[in-house]
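A short write-up of the structure that comes next.
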Amino acid sequence: MQTPVAALSLHDSQRRMTVPFTPLDPEHVKVYYCGPTVYDLAHIGNLRAMLTADVLVRFLRHAYPRVTFVRNITDVDDKITARARENGEDIASLTQRTTEEFHQDLAAMNVLPPDIEPRATHNIGEMQALIARLIENGHAYEAAGHVLFSVASFPSYGALSGRDPEDLVAGARVDVATYKKDPGDFVLWKPSDAEQPGWESPWGRGRPGWHIECSAMSHRYLGESFDIHGGGSDLLFPHHENERAQSLCCFPQGKFANYWVHNAMLLVEGEKMSKSLGNFLTIRDVLKQAPAEALRLLLLGAHYRSTLNYTQAGLQDARKVLDRFYRALAAGPVPEVAPPEAVVMALAEDLNTPKALAELHVLAGQALAGDREAAGALKAGAGMLGLLQDDPEKWFKGDASEEDAAIDALIAERAAAKKARDFARADALRDQLQGQGIVLEDTKDGTIWRRA
RNA sequence: GGUCCGGUGGCAGAAUGGUGAUGUAGCGGACUGCAAAUCCGCGAAUGUGGGUUCGAUUCCCGCCCGGACCUCCA
């Protein structure tokens, strides 16, 4: 039996409003997220989408008995082909290495793995089946070695992203391929030359277009209708619009995704993150400067639908906040209790993580004042955000090292000096440790230390 | 050019048609041999110009600024 939880409301991109979430099957909630194209290290913008999904899925698991979370790996893409060529590397080795790095980075960030993580290249047959079906029922056609989706055949094209197909044509800034019947038509299958990865198909050796993989994998693992489909807001158009068109045309009886969740982009020091500005940050770049948990807290500090400004100062802030939270946990025993209502309620309001964090601050204050029940609630509430599950000792001191004994020795020496009222000596020892990045705190139970 | 989203204290960031959270930073005090941590207190914000309203930061319109997307490309 699940504990009763506040009813979740979610902002659905298609309806453009926040609505109560009602699962198709309350016994089994199904979620699909677009995962990475594995040609390079994940950056903190990618991370934001993964983190949004993580908080969403954690909440769903709290509220419903069973959740299946599918997040794919896109391991066939022209960016991958290009990068492999630049590196003089095998495509397979590039995608495998990048996938492993992705997994390591997310594990470091305490992002839980999906239940199923299908790869595009393992689902080529599924994609071809969908494409054949679309041709059969008149939603796709072959032209110049390509198979294209016919936008005109799907009246509600544009409904997800709120676009009028007419506008799209008028504003198109890319030359329209002459073999398209309609400028809005997009590729389902394209021919590959000898250099490019390709698979045999009824339409010749080729490779899939960008969008069909998600239609194929979501169908295979979640069926014709599932609850939530998510990703970054930049995927709304054309990627998700096209996925929706393909899937609904293949399976007109199904609903495809019932709710669409899109997270906003982030800025770096007030500027758009881009390679040309040189402010492109991978997860690994950030983890050289601060603990993963600080980055996680920083990213959860803004609501997922708001543009978030990532800054160095913000990263340091997040660290100090975690110092305070862990101090509250370290101040005494931490009983195991259920997540506090206030935190659950905040998250139920379209995953309002900043509000949930504000509630955690209240609990931290109470815990520091001696309320151990509040400390338990702090830990349980933070757990819903994937925070504060580490040992406080580890947070403050890092992994135990042989250096620790030396630190303890200096602290003992300082204690002796203090006892002898030789404060000059005591302060010198403290300064020495300070220089090594060790901060001392004298408490009534003796001196404790932490790394700055 | 088109469509859409947003502009809240130094910084980050909630909320709301009727006294604007929270954190961090700053300042003052308590505690401390001095610090650190903790506690108490203080100051500090709704881009701009109109409109609707008894009342607007919230709703509407213009402007300025930022961002996303505009079809094989996050």
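In what follows, chains carry the letters A, B, and so on, assigned in the order in which the sequence lines appear, proteins first and then strands, with residues in each chain numbered from 1.
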statement: Against the side chain of A:S233, the closest entry in B:A68, B:U24, B:G2 is B:A68

- request: State, to 0.1 Å, how close A:D182 and A:Y141 come at their nearest heavy-atom pair, and which atoms those are.
  value: N-OH, 4.2 Å

Side-chain donor-acceptor pairs of residues 415-432 of chain A under 3.5 Å, sequence neighbours excluded:
| from | atom 1 | to | atom 2 | distance (Å) |
| --- | --- | --- | --- | --- |
| A:K418 | NZ | A:D442 | OD2 | 3.0 |
| A:D422 | OD1 | A:R425 | N | 3.1 |
| A:R425 | NH2 | A:E413 | OE2 | 2.3 |

task: Please list, chain by chain and in numerical order, all residues satisfying salt bridge (charged side-chain N to carboxylate O under 4.0 Å, His left out) with A:E243, sequence neighbours excluded.
output: none

A:G162 or A:D442, whichever maps to the more 5' nucleotide of RNA chain B: A:G162

- prompt: Is any side-chain N of the basic residue among A:R163 and A:E241 closer than 4.0 Å to the acidic one's carboxylate O?
  reply: no

field: Pairing pattern in dot-bracket form [Watson-Crick, G-U; both distances under 3.5 Å; | = partner strand] for RNA chain B
entry: (((((((..(((.....[...))).(((((.......)))))....(((((..]....))))))))))))....

query: Side chains of A:N72 and A:Y33: donor-acceptor distance under 3.5 Å anywhere?
result: no

query: Between atom CG in A:L299 and atom P in B:A12, what is the gap in whole Å?
result: 15 Å

- prompt: What is the distance from NE2 of A:H11 to P of B:C4, rounded to the nearest Å?
  reply: 14 Å

query: For A:L298, which contact category applies under a 4.0 Å heavy-atom criterion: base, sugar-phosphate, or nothing?
result: nothing

statement: Rounded to the nearest 0.5 Å, the NE2 atom of A:H211 sits from the CE atom of A:M127 at a distance of 12.5 Å

message: Give me the atom names and distance for the closest heavy-atom approach of A:A216 to A:E126.
response: CB-CB, 3.9 Å

message: Side chain of A:M265 only, heavy atoms from C-beta on: which candidate in B:U24, B:C69, B:A68 is closest?
response: B:A68

field: A:D77 side chain to A:T74 side chain, donor-acceptor N/O pair below 3.5 angstrom
entry: no

message: Run the salt bridge (charged side-chain N to carboxylate O under 4.0 Å, His left out) test against A:D75 and tell me which residues pass, sequence neighbours left out.
response: none

task: Would you mind building the protein contact string for nucleotides 39-48 of chain B? One character per nucleotide, 5' to 3', B for base within reach (heavy atoms under 4.0 Å), S for sugar-phosphate only, - for untouched.
output: S---------

- prompt: How about A:H139 and A:S150: does a side-chain donor come under 3.5 Å of a side-chain acceptor?
  reply: no

message: Under 4.0 Å, heavy atom to any atom of RNA chain B: which of residues 406-434 of chain A qualify?
response: A:R414, A:K418, A:F423, A:D427, A:R430

message: Looking only at the side chains, is there a donor atom on one of A:Q316 and A:Q312 sitting less than 3.5 Å from an acceptor on the other?
response: no

Table of protein N/O atoms under 3.5 Å from nucleotides 63-66 of chain B N/O atoms:
none

Protein-nucleotide distance (A:F396, atom CZ; B:A36, atom C1'), rounded to Å: 12 Å

- prompt: Do A:H11 and A:Y304 have ring centres separated by under 6.0 Å?
  reply: no

query: Between B:C72, B:A36, B:A68, which nucleotide has the shortest distance from any of its atoms to the side chain of A:V187?
result: B:C72

Sequence neighbours excluded and cut-off under 3.5 Å, please list the side-chain donor-acceptor pairs for residues 356-371 of chain A, or say none.
| from | atom 1 | to | atom 2 | distance (Å) |
| --- | --- | --- | --- | --- |
| A:D371 | OD1 | A:E373 | N | 3.1 |
| A:D371 | OD1 | A:A374 | N | 3.0 |

So which protein nitrogen or oxygen atoms get under 3.5 Å of nucleotides 14-16 of chain B's nitrogens or oxygens?
| from | atom 1 | to | atom 2 | distance (Å) |
| --- | --- | --- | --- | --- |
| B:A14 | OP1 | A:H303 | N | 2.7 |
| B:A14 | O3' | A:N352 | ND2 | 3.2 |
| B:A15 | OP1 | A:N352 | ND2 | 3.0 |

query: From B:A68, B:C72, B:C70, pick the nucleotide closest to the side chain of A:K180?
result: B:C72

statement: Here the distance between atom C1' of B:C4 and atom CE of A:M17, to the nearest Å, is 17 Å

Distance-only check: which donor-acceptor pairs under 3.5 Å involve side-chain atoms of residues 320-334 of chain A, not counting sequence neighbours?
| from | atom 1 | to | atom 2 | distance (Å) |
| --- | --- | --- | --- | --- |
| A:D323 | OD1 | A:W395 | NE1 | 2.8 |
| A:Y326 | OH | A:E293 | OE1 | 2.8 |
| A:Y326 | OH | A:E293 | OE2 | 3.2 |
| A:Y326 | OH | A:D390 | N | 3.3 |
| A:R327 | NH2 | A:E441 | OE2 | 3.2 |

field: 5'-most by nearest nucleotide on RNA chain B - A:W210 or A:G314
entry: A:G314

message: Quick check for you: among B:A68, B:C69, B:A25, whose closest atom lies nearest to any side-chain atom of A:K272?
response: B:A68

Short side-chain N/O contact from A:R327 to OP1 or OP2 of B:U38, under 4.0 Å: yes

field: Nucleotide of B:A37, B:U22, B:U24 approaching A:R450 most closely (side-chain heavy atoms)
entry: B:A37

Ring pair (Phe, Tyr, Trp, His ring centres under 6.0 Å) against A:W210, all qualifying residues, sequence neighbours excluded: A:H239

task: For A:H239 and B:C70, give me the distance from atom NE2 to atom C1', rounded to whole Å.
output: 17 Å

field: Residue list, salt bridge (charged side-chain N to carboxylate O under 4.0 Å, His left out) with A:R205, at least two apart or on another chain
entry: none

- prompt: In whole Å, what is the span from the CG atom of A:L315 to the P atom of B:U24?
  reply: 16 Å

message: Any base atoms under 4.0 Å from A:L440, or only sugar-phosphate, or nothing? Heavy atoms, all strands.
response: base

- request: Evaluate salt bridge (charged side-chain N to carboxylate O under 4.0 Å, His left out) for A:R451 paired with A:D404, printing each intermediate quantity in order.
  value: CA-CA 11 Å; A:R451 293 186 194 282; A:D404 293 4; 3.6 Å; yes

statement: When rounded to whole Å, the CG to P distance for the pair A:L297 and B:U24 reads 11 Å

